[in-house]
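Contents: one structure, followed by commentary.
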Amino acid sequence: MDFYHWWIYENVFNTTWFMWTFVILIFGVNIFSFVIIWMIMNGRSLSFLKGNKGKKKGKKKKGKKEKQKKDKQEKTKNQA
C-alpha cells in the first residue's frame with residue numbers, strides 16, 4: 001500500500017493546519033485530564049458527566065446527633 005500518495009494524506013493529513021489542530025488537541029487533552037482527575041479526587045462532580053447532580057453550596061449534611069435530637073423532638077410532639 002502506498003499510503004503517502006493517497007489523496008486524503010496529501011491534501012488533509014499532511015497539511016500544517018491539520019498538524020497544528022492535532023498538536024493543540026493533544027496538549028488540551030493532557031492539560032484538561034489533570035483538572036478532571038483533580039475534581040474527581042476532591043469529590044466534586046462534573047456537571048457534564050453526571051447530569052448536573054453536583055453538590056449544592058450552603059447545604060450541610062446532618063450528623064447523627066442532629067438526627068437524634070430531631071427524632072426526640074418528634075417523639076415528644078407525638079406523645080403530647
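Residue indices begin at 1 and follow the sequence shown. Computed over heavy atoms, backbone and side chain alike; hydrogens, waters and symmetry mates excluded.
Linking Ile, Leu, Val, Met, Phe, Trp and Tyr whenever their side-chain heavy atoms come within less than 4.5 Å puts Ile8 and Tyr4 in one cluster. A continuous path of Ile, Leu, Val, Met, Phe, Trp and Tyr side chains, each step under 4.5 Å between heavy atoms, connects Trp38 with Phe32, placing both in one hydrophobic cluster.
Residues passing the side chain to side chain donor-acceptor pair (under 3.5 Å) test with Trp17 are Thr15, sequence neighbours excluded. Checked against side-chain contact (heavy atoms from CB on, under 4.5 Å), Ile37 has the following partners two or more places apart in sequence or in another chain: Met41. For Val29, the side-chain contact (heavy atoms from CB on, under 4.5 Å) test picks out no residue, with sequence neighbours left out. Considering only residues two or more places apart in sequence or on other chains, Glu74 meets the side-chain contact (heavy atoms from CB on, under 4.5 Å) condition with Lys70, Asp71. Scored by the side-chain contact (heavy atoms from CB on, under 4.5 Å) test, Phe34 finds no partners at all (sequence neighbours excluded).
The aromatic rings of Phe18 and Phe13 sit tilted relative to each other, their planes meeting at an angle between 30° and 60°.
Considering CG of Asn11 and CH2 of Trp6, their distance stands at 14.0 Å, rounded to 0.5 Å.
Asn14 places no side-chain N or O within 3.5 Å of a backbone atom of Glu10 that could act as its donor or acceptor partner.
At most 12 heavy atoms of other shown residues, nucleotides or ligands fall within 6.0 angstrom of atom CZ in Phe22.
Using a 4.5 Å cut-off between side-chain heavy atoms of Ile, Leu, Val, Met, Phe, Trp and Tyr, Val23 falls into a hydrophobic cluster with Trp20, Phe27.
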